[in-house]
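For reference, the structure is listed below as structure tokens.
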4 protein chains.
Amino acid sequence: MPRLSDQQREARREQILTAALHCVARQGFHKTSMAEVISASGLSAGAVYGYFRGKAELIAALADRSIGMVSPALDEAIAADPPPSIPEVLRRAAAAIEELAAAADVDVTRVATAAWAEAARDETVRALVAERITGLREKYAEFLRRRRDLGELEADVDVDAAAQVMLATMPGFIIQRLVVGDVDSESLARGAHGLGLR
Amino acid sequence: MPRLSDQQREARREQILTAALHCVARQGFHKTSMAEVISASGLSAGAVYGYFRGKAELIAALADRSIGMVSPALDEAIAADPPPSIPEVLRRAAAAIEELAAAADVDVTRVATAAWAEAARDETVRALVAERITGLREKYAEFLRRRRDLGELEADVDVDAAAQVMLATMPGFIIQRLVVGDVDSESLARGAHGLGLR
Amino acid sequence: MPRLSDQQREARREQILTAALHCVARQGFHKTSMAEVISASGLSAGAVYGYFRGKAELIAALADRSIGMVSPALDEAIAADPPPSIPEVLRRAAAAIEELAAAADVDVTRVATAAWAEAARDETVRALVAERITGLREKYAEFLRRRRDLGELEADVDVDAAAQVMLATMPGFIIQRLVVGDVDSESLARGAHGLGLR
Amino acid sequence: MPRLSDQQREARREQILTAALHCVARQGFHKTSMAEVISASGLSAGAVYGYFRGKAELIAALADRSIGMVSPALDEAIAADPPPSIPEVLRRAAAAIEELAAAADVDVTRVATAAWAEAARDETVRALVAERITGLREKYAEFLRRRRDLGELEADVDVDAAAQVMLATMPGFIIQRLVVGDVDSESLARGAHGLGLR
DNA sequence: AATGAATGAGACTTCATTCAT
DNA sequence: AATGAATGAAGTCTCATTCAT
């Protein structure tokens with residue numbers, strides 16, 4: 001076989017990541033065996049190891065991706081002009097997550113859950129997830145600045161702390177959704193409104 | 001040999017759980033081997049298996065306990081009379097978590113993180129964690145009812161949805177704390193206040 | 001099972017080493033798989049790994065032992081009083097090696113051959129083999145000192161250098177024996193005599 | 001594509017063998033992977049397999065070469081006229097080995113060591129090494145005949161047995177040199193002299 | 001002729017669990 | 001009740017070799 005183009009290589013990598021995402025969504029990182037990923041990817045063991053040095057590297061890529069997938073969805077919710085109310089943004093973010101969870105027969109939120117746990121014990125994953133979280137928070141901060149500049153938040157608001165709080169709701173939303181199953185984007189928005197957020 | 005008293009049995013169980021908590025806080029559920037737990041507990045393999053049917057049962061007990069440990073801390077925060085402001089309750093809850101995390105050379109929040117992930121893939125754990133979450137939410141709901149009755153929330157507020165939102169902040173707080181490391185109870189309260197919560 | 005006595009442990013270790021010696025004599029260290037050793041030993045994989053941390057440790061033990069097995073045989077040859085002639089000692093040493101090679105359906109000289117090669121690439125094995133070689137050389141030196149004191153060697157002979165030379169003949173004897181097959185203890189002694197050694 | 005000239009083919013073969021020699025000197029035959037040889041040779045996998053049927057053939061070629069490299073060095077030592085004393089010939093042979101070991105950033109003596117071990121377990125390699133050994137011994141025999149004819153050895157000396165002994169010292173010299181590190185051509189000659197060789 | 005990605009058997013090792021003592 | 005040695009299935013990864021291009 002001649003040398004693969006970068007594009008072809010990327011496609012194969014994608015193929016493996018997608019297959020792995022399926023497995024991990026069902027069983028978590030450490031109950032998913034490489035054999036399962038290999039079989040699901042349709043490639044051979046050797047081929048998979050040609051794209052990922054080992055399970056750790058694959059886990060890191062999946063952790064990064066699972067959390068990264070939320071980002072574009074959030075962008076949309078936040079970019080709207082004029083900036084929606086806080087409950088509305090939370091609703092949109094949650095709705096994006098719901099959509100993500102329902103999409104393509106893989107529930108990425110399950111993988112995200114595994115990613116948080118992995119971040120707590122693996123420095124490489126921690127750094128990747130930290131980067132993602134920081135990125136997401138910056139989006140919320142940007143949104144809040146726009147609301148503040150419109151006079152809908154106090155002028156001296158600590159935008160970064162407020163962004164931390166807004167982002168903080170998402171893991172809890174995801175967990176309650178997966179584990180208890182009685183929350184959705186509407187209830188989240190209603191609850192936020194009920195607490196007095198505007 | 002003489003049957004152990006219930007009290008002795010309970011002490012042994014505790015000994016095992018404490019040892020396991022140490023291991024899991026460092027390595028997560030699935031990177032912690034039974035051999036490690038056995039060695040850390042100071043008991044023999046056979047003894048440990050006399051108290052827990054297998055690793056799954058041990059994991060379930062640890063997941064339950066790790067999340068359960070937050071509950072008493074929250075009680076205090078919420079029970080105060082008159083009911084504190086929402087940012088203040090969040091601050092107290094977060095402070096309780098900080099204390100828990102710092103205590104006794106085991107950071108239970110790391111175990112909680114593993115518990116959420118496990119809940120997403122194991123029905124038994126899911127049920128236990130769901131129960132815990134529901135219990136915690138009920139505490140928040142109770143708190144919110146008292147605030148409502150004092151006229152500090154609108155009369156028709158959906159208390160359960162609002163409790164979902166309050167609880168939802170905790171996992172996000174824990175994760176940001178472990179992974180990014182730049183949040184604390186003060187920033188959480190400040191952010192909540194900045195968003196307009198009272 | 002209750003704790004094994006040191007003696008029982010030692011017996012098991014021996015059982016594994018003996019099985020491994022068989023395999024290695026036929027296939028060398030690196031073509032012998034742990035599965036083969038495990039199967040030949042009659043134990044389970046886990047049991048074998050309870051006695052040796054890994055293949056490297058097993059190899060080191062085998063290398064050490066294979067070279068160590070020559071030592072007692074040499075002792076006898078050298079201890080004789082009055083000290084035999086040099087060709088005679090070489091003959092006896094070679095005869096001891098022949099006996100060793102024929103014994104117990106394992107040809108240890110094949111393992112020794114593998115041990116020399118391994119010593120050239122693994123520091124741990126190198127150190128062990130170096131120790132063994134030094135020990136053997138000291139025996140030859142002792143023998144030579146006795147000959148010298150009897151006036152059968154010049155008074156100012158460099159005993160250690162001479163011992164190096166005597167020992168040096170053994171690997172070459174073993175290799176020619178295994179590879180060409182036309183040398184034996186008699187031809188070695190005859191050759192030594194022919195070269196003028198007395 | 002145009003057929004390569006024999007000369008080009010030979011150059012490529014050489015390139016591969018040289019690269020492989022490097023790898024094997026460091027890691028032995030079986031810890032050297034084809035991938036390493038391929039990468040070190042600068043060719044592609046397919047190309048390498050165009051010159052050697054497989055790893056076994058490559059090993060055989062390396063074994064043959066590593067032992068063969070001693071031969072020309074020995075020739076010189078032996079050809080001198082009048083024939084030097086036995087200690088002197090041993091010194092020259094050992095000095096030739098020292099030079100070989102120091103040359104060109106590959107220590108061939110390490111490969112020779114691997115070759116002996118391989119000869120003990122692979123019939124093809126055994127035959128090749130046997131041939132080499134026989135050839136070397138014949139050179140020693142020739143040398144001894146000349147010494148005998150000069151009256152410096154007894155007339156009825158078993159020249160072949162004596163050649164076996166002379167050759168036998170070389171592996172032991174190489175091993176002690178690599179493993180213990182305290183022998184050199186001078187100590188070898190001194191020791192031989194001390195034992196009474198002339 | 002050459003390339004190098006892909007193959008897949010098999011290597012080493014771990015580990016949850018059992019059970020003879 | 002307790003012990004801890006033993007089990008053996010299963011996990012991760014490597015590597016000699018092939019063959020489509």
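Residue numbering restarts at 1 for every chain, and letters A, B, ... go by the order of the sequence lines. Everything numeric here is computed off the predicted structure, so don't read it as measured data.
- Remark: side-chain polar atoms of B/Lys55 are paired, donor with acceptor, to backbone N or O of B/Thr32 under 3.5 angstrom.
- When distances run from any side-chain atom of C/Ser33 to the nucleotides E/dT7, E/dC12, F/dC13, the shortest one goes to E/dC12.
- Here the side chain of A/Glu57 pairs no donor or acceptor atom with the backbone of A/Phe52 at under 3.5 angstrom.
- Rounding to whole angstrom units, CE of residue C/Met34 and P of E/dA9 are separated by 23 Å.
- Residue C/His30 is the one, among C/His30 and C/Ala47, whose nearest nucleotide of DNA chain E lies closer to the 5' end (criterion: closest heavy atom).
- A straight line from CZ of B/Phe29 to P of E/dC15 spans 17 Å, rounded to a whole angstrom.
- Rounded to whole Å, the distance from CD on D/Glu57 to C1' on F/dT17 is 14 Å.
- For F/dT14, the paired nucleotide is E/dA9, the pair qualifying as Watson-Crick or G-U wobble because both relevant distances are below 3.5 Å.
- Salt bridge present: A/Arg65 and A/Glu14 bring a charged side-chain N and a carboxylate O closer than 4.0 Å.
- B/Ser39 comes within contact range of no nucleotide atom at all, as no heavy-atom separation falls under 4.0 Å.
- Regarding contacts with the backbone of F/dA6, a side-chain N or O of C/Tyr51 is found under 4.0 angstrom from either OP1 or OP2.
- For B/Ala45, whose side chain is taken as the heavy atoms from C-beta onward, the closest listed nucleotide among F/dA5, E/dT13, E/dC15 is F/dA5.
- Nucleic acid contact class of C/Phe52 (heavy atoms, under 4.0 Å, all strands): none.
- Computed from coordinates, the C/Leu4 CG to F/dA6 C1' distance equals 10 Å when rounded to whole Å.
- Side-chain proximity of A/Tyr49 to the nucleotides F/dT18, E/dA6, F/dT14 is greatest for F/dT14.
- Salt bridge annotation for C/Arg9-C/Asp6: absent, with no cationic side-chain nitrogen under 4.0 angstrom from a carboxylate oxygen.
- Among the heavy atoms of the strands, none lies under 4.0 Å from D/Gly50.
- Summarising the base pairing, E/dA20 is matched to F/dT3 through a Watson-Crick or G-U wobble pair whose two defining distances lie under 3.5 Å.
- When rounded to the nearest whole Å, the span between CG of C/Leu43 and P of E/dT14 equals 17 Å.
- Residue order along DNA chain E, read from the 5' end via each residue's closest nucleotide, puts C/Glu36 first among C/Glu36 and B/Gly46.
- Note on C/Arg12: a side-chain N or O is less than 4.0 Å away from OP1 or OP2 of F/dA6.
- Going from atom CZ of A/Arg9 over to atom C1' of E/dG4 covers 11 Å, rounded to whole Å.
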